[in-house]
Amino acid sequence: MIEHPMAGQIPVERKPLYRRVWFWIVLGVLVLPVLGFGAMVVWFLTTGGWSAPEPESVDCAEAMRSAGFETLPVPTGTGTDGTGSGATCAGGGFQDPFVTINFVAPQDDVDAWLRAELPETELQAEPCVDVDACLQVSYGEPDAPESGWNLDVSTTDQGDGKVAVAIMAFSM
(Lines give C-alpha, C1' and ligand atoms only; values in the text may rest on other atoms or scores of the structure.)
Protein backbone atom coordinates (compact mmCIF):
# COMPACT_ATOMS: atom_id res chain seq x y z
CA MET A 1 0.00 0.00 0.00
CA ILE A 2 1.31 3.40 -0.82
CA GLU A 3 0.41 6.36 1.29
CA HIS A 4 -0.19 9.69 -0.33
CA PRO A 5 2.62 12.06 0.39
CA MET A 6 1.95 15.28 2.09
CA ALA A 7 3.67 18.34 0.93
CA GLY A 8 7.44 17.76 0.91
CA GLN A 9 7.40 14.09 2.09
CA ILE A 10 8.68 11.08 0.22
CA PRO A 11 6.09 8.35 -0.35
CA VAL A 12 6.55 5.37 2.08
CA GLU A 13 5.48 1.86 1.21
CA ARG A 14 4.08 0.03 4.25
CA LYS A 15 4.88 -3.63 4.80
CA PRO A 16 2.01 -6.09 5.10
CA LEU A 17 1.05 -6.95 8.68
CA TYR A 18 2.66 -10.41 8.67
CA ARG A 19 6.04 -8.89 7.72
CA ARG A 20 6.28 -6.55 10.67
CA VAL A 21 8.44 -7.55 13.68
CA TRP A 22 6.00 -6.40 16.32
CA PHE A 23 3.29 -8.62 14.80
CA TRP A 24 5.38 -11.76 15.41
CA ILE A 25 6.32 -10.67 18.91
CA VAL A 26 2.69 -10.09 19.91
CA LEU A 27 1.62 -13.34 18.22
CA GLY A 28 4.33 -15.29 20.07
CA VAL A 29 3.40 -13.76 23.43
CA LEU A 30 -0.24 -14.72 22.92
CA VAL A 31 0.11 -18.13 21.23
CA LEU A 32 3.11 -19.76 22.95
CA PRO A 33 1.51 -19.94 26.43
CA VAL A 34 -1.61 -21.53 24.91
CA LEU A 35 0.52 -24.10 23.05
CA GLY A 36 2.52 -24.81 26.23
CA PHE A 37 -0.66 -25.35 28.24
CA GLY A 38 -2.00 -27.64 25.52
CA ALA A 39 1.22 -29.68 25.59
CA MET A 40 0.93 -30.05 29.39
CA VAL A 41 -2.68 -31.25 29.07
CA VAL A 42 -1.69 -33.83 26.45
CA TRP A 43 1.20 -35.01 28.65
CA PHE A 44 -1.07 -35.22 31.70
CA LEU A 45 -3.68 -37.28 29.87
CA THR A 46 -1.23 -39.69 28.24
CA THR A 47 1.14 -40.39 31.16
CA GLY A 48 -1.16 -40.43 34.16
CA GLY A 49 -0.23 -36.93 35.23
CA TRP A 50 1.80 -36.02 38.25
CA SER A 51 0.91 -39.17 40.13
CA ALA A 52 3.57 -41.41 41.57
CA PRO A 53 4.51 -44.61 39.84
CA GLU A 54 2.91 -47.85 41.00
CA PRO A 55 4.56 -49.57 43.97
CA GLU A 56 7.25 -52.06 43.03
CA SER A 57 7.97 -55.40 44.64
CA VAL A 58 10.77 -55.09 47.19
CA ASP A 59 12.71 -57.49 49.38
CA CYS A 60 10.67 -58.24 52.49
CA ALA A 61 13.76 -58.03 54.71
CA GLU A 62 14.20 -54.42 53.58
CA ALA A 63 10.50 -53.67 54.09
CA MET A 64 10.57 -55.23 57.56
CA ARG A 65 13.62 -53.14 58.48
CA SER A 66 11.85 -49.96 57.34
CA ALA A 67 8.73 -50.90 59.29
CA GLY A 68 10.79 -51.73 62.38
CA PHE A 69 9.94 -55.45 62.53
CA GLU A 70 12.40 -58.23 63.24
CA THR A 71 10.11 -61.12 62.27
CA LEU A 72 6.78 -61.91 60.65
CA PRO A 73 4.40 -64.73 61.65
CA VAL A 74 4.65 -66.14 58.09
CA PRO A 75 7.52 -66.80 55.69
CA THR A 76 8.36 -64.09 53.19
CA GLY A 77 7.84 -64.63 49.47
CA THR A 78 5.18 -66.78 47.84
CA GLY A 79 5.46 -69.74 50.17
CA THR A 80 7.22 -73.04 49.55
CA ASP A 81 4.01 -74.95 48.98
CA GLY A 82 2.97 -72.73 46.04
CA THR A 83 -0.16 -71.48 47.80
CA GLY A 84 1.05 -67.90 47.98
CA SER A 85 0.70 -67.93 51.77
CA GLY A 86 3.89 -65.98 52.40
CA ALA A 87 4.23 -62.26 52.89
CA THR A 88 4.40 -59.98 49.87
CA CYS A 89 6.17 -56.64 50.09
CA ALA A 90 6.10 -53.53 47.93
CA GLY A 91 7.60 -50.07 48.11
CA GLY A 92 7.31 -46.78 46.35
CA GLY A 93 6.55 -43.16 46.81
CA PHE A 94 6.99 -39.96 44.90
CA GLN A 95 7.83 -37.49 47.64
CA ASP A 96 7.10 -39.61 50.70
CA PRO A 97 8.54 -43.13 50.55
CA PHE A 98 6.52 -46.07 51.85
CA VAL A 99 6.62 -49.86 52.11
CA THR A 100 3.74 -52.31 52.42
CA ILE A 101 3.74 -55.82 53.82
CA ASN A 102 0.69 -58.07 53.27
CA PHE A 103 0.10 -61.61 54.50
CA VAL A 104 -2.55 -64.01 55.80
CA ALA A 105 -1.94 -65.86 59.06
CA PRO A 106 -3.87 -67.47 61.93
CA GLN A 107 -5.36 -64.93 64.34
CA ASP A 108 -3.52 -66.40 67.35
CA ASP A 109 -0.14 -66.14 65.55
CA VAL A 110 -0.83 -62.53 64.57
CA ASP A 111 -1.85 -61.60 68.14
CA ALA A 112 1.31 -63.19 69.60
CA TRP A 113 3.47 -61.55 66.92
CA LEU A 114 1.98 -58.08 67.58
CA ARG A 115 2.48 -58.48 71.36
CA ALA A 116 6.15 -59.35 70.73
CA GLU A 117 6.84 -56.65 68.10
CA LEU A 118 4.63 -53.81 69.39
CA PRO A 119 4.19 -54.41 73.14
CA GLU A 120 2.90 -50.89 73.89
CA THR A 121 0.18 -50.90 71.21
CA GLU A 122 -3.03 -52.91 70.75
CA LEU A 123 -5.31 -53.47 67.78
CA GLN A 124 -8.57 -51.56 68.10
CA ALA A 125 -11.80 -51.77 66.14
CA GLU A 126 -13.12 -48.27 66.81
CA PRO A 127 -11.27 -45.77 64.55
CA CYS A 128 -10.91 -48.24 61.64
CA VAL A 129 -12.57 -47.93 58.25
CA ASP A 130 -13.21 -50.94 55.97
CA VAL A 131 -11.16 -53.29 58.21
CA ASP A 132 -11.91 -55.28 61.35
CA ALA A 133 -9.09 -53.94 63.53
CA CYS A 134 -6.22 -51.50 63.14
CA LEU A 135 -3.49 -49.64 64.92
CA GLN A 136 -1.41 -46.60 64.14
CA VAL A 137 2.03 -45.85 65.52
CA SER A 138 3.34 -42.37 64.85
CA TYR A 139 6.90 -41.15 65.00
CA GLY A 140 7.98 -40.54 68.59
CA GLU A 141 5.66 -43.10 70.20
CA PRO A 142 7.19 -45.96 72.23
CA ASP A 143 6.63 -48.62 69.51
CA ALA A 144 7.61 -46.37 66.57
CA PRO A 145 10.17 -47.83 64.17
CA GLU A 146 13.74 -46.62 64.65
CA SER A 147 13.71 -45.53 61.00
CA GLY A 148 11.50 -42.60 62.04
CA TRP A 149 8.62 -43.82 59.91
CA ASN A 150 4.95 -44.02 60.87
CA LEU A 151 3.21 -47.36 60.93
CA ASP A 152 -0.35 -48.45 60.04
CA VAL A 153 -1.40 -52.05 60.69
CA SER A 154 -4.85 -53.32 59.76
CA THR A 155 -6.43 -56.76 59.93
CA THR A 156 -9.44 -58.22 58.14
CA ASP A 157 -11.06 -61.49 59.23
CA GLN A 158 -10.81 -64.16 56.50
CA GLY A 159 -12.79 -66.86 58.34
CA ASP A 160 -11.45 -70.20 59.64
CA GLY A 161 -9.44 -68.33 62.30
CA LYS A 162 -7.25 -66.52 59.77
CA VAL A 163 -6.76 -62.80 59.24
CA ALA A 164 -5.34 -60.78 56.37
CA VAL A 165 -2.76 -58.33 57.70
CA ALA A 166 -1.81 -55.17 55.83
CA ILE A 167 1.11 -53.12 57.12
CA MET A 168 2.16 -49.76 55.73
CA ALA A 169 5.24 -47.92 56.94
CA PHE A 170 5.72 -44.42 55.59
CA SER A 171 7.61 -41.21 56.20
CA MET A 172 6.08 -37.78 56.40
Side-chain angles (χ1 to χ4, degrees), residues 33-172:
V34 172
L35 290 176
F37 179 74
M40 285 179 54
V41 168
V42 168
W43 173 77
F44 183 80
L45 293 175
T46 59
T47 64
W50 291 281
S51 63
E54 291 295 317
E56 297 179 2
S57 182
V58 297
D59 179 41
C60 281
E62 177 186 332
M64 289 169 46
R65 222 179 357 267
S66 295
F69 295 123
E70 294 180 18
T71 63
L72 289 178
V74 296
T76 60
T78 58
T80 56
D81 57 359
T83 61
S85 61
T88 57
C89 304
F94 174 60
Q95 292 180 330
D96 299 324
F98 67 90
V99 294
T100 61
I101 304 170
N102 297 299
F103 59 89
V104 176
Q107 178 73 54
D108 295 336
D109 292 352
V110 171
D111 291 341
W113 170 72
L114 283 172
R115 280 191 301 274
E117 292 284 345
L118 303 170
E120 305 273 332
T121 311
E122 289 186 26
L123 285 172
Q124 299 177 358
E126 196 56 40
C128 307
V129 177
D130 297 330
V131 294
D132 296 323
C134 64
L135 65 87
Q136 296 175 337
V137 180
S138 297
Y139 175 73
E141 292 182 13
D143 284 335
E146 291 180 14
S147 61
W149 289 23
N150 295 321
L151 194 62
D152 287 345
V153 178
S154 61
T155 62
T156 306
D157 185 26
Q158 299 292 299
D160 296 334
K162 294 191 177 224
V163 294
V165 180
I167 302 166
M168 178 179 247
F170 57 94
S171 69
M172 293 181 86

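Nothing fancy with the numbering, it's 1 onward along the sequence. What's counted below: heavy atoms across the whole structure, side chains too, no hydrogens, waters or symmetry copies.
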Side chain to side chain contact (heavy atoms under 4.5 Å, CB included) between Leu114 and Leu123, worked out
CA-CA 9 Å; Leu114 283 172; Leu123 285 172; 3.5 Å; yes
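- The distance from atom CG of Leu45 to atom CE of Met40, rounded to the nearest 0.5 Å, is 11.5 Å.
- Considering all non-hydrogen atoms of both residues, Ala63 and Val58 come closest at CB-CG2, 4.2 Å.
- Using a 4.5 Å cut-off on side-chain heavy atoms (C-beta onward), Leu72 and Val165 make no contact.
- Annotation: disulfide bond (SG atoms under 2.5 Å apart) contacts involving residues 139-172, sequence neighbours excluded, are absent.
- One distance of note links NZ of Lys162 with OG1 of Thr156; it measures 15.0 Å at 0.5 Å rounding.
- Ring geometry for Trp113 against Phe103 counts as perpendicular: the plane angle is over 60°, on a 0 to 90° scale with 30° as the lower cut.
- Shortest non-hydrogen contact noted between Cys128 and Ala133 is SG-C, 3.5 Å.
- The heavy-atom pair separating Glu70 from Met64 by the smallest distance is O-CE, 3.3 Å.
- Residues Val131 and Thr155 have side chains not in contact (no heavy-atom distance under 4.5 Å, counting atoms from C-beta outward).
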Evaluate the side chain to side chain contact (heavy atoms under 4.5 Å, CB included) criterion for residues Thr100 and Phe98: first the C-alpha distance (whole Å), next the side-chain angles of each, then the deciding distance (0.1 Å), finally the verdict.
CA-CA 7 Å; Thr100 61; Phe98 67 90; 4.0 Å; yes
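- Counting only heavy atoms from C-beta outward, the side chains of Trp149 and Leu151 never approach each other to under 4.5 Å.
- Here side-chain hydrogen bond (donor to acceptor under 3.5 Å, both in side chains) pairs that include residues 114-131, with residues two or more places apart or in two chains, are Thr71-Glu117, Thr121-Asp143.
- A heavy-atom distance below 4.5 Å is not found between the side chains of Ile167 and Asp152.
- Side-chain N or O atoms of Asp132 include one that pairs as donor or acceptor with a backbone N or O of Asp157 at under 3.5 Å.
- The distance from the SG atom of Cys89 to the CG atom of Asn102 is 8.0 Å, given to the nearest 0.5 Å.
- To the nearest 0.5 angstrom, Asn150 atom CG is 4.5 Å from Phe170 atom CZ.
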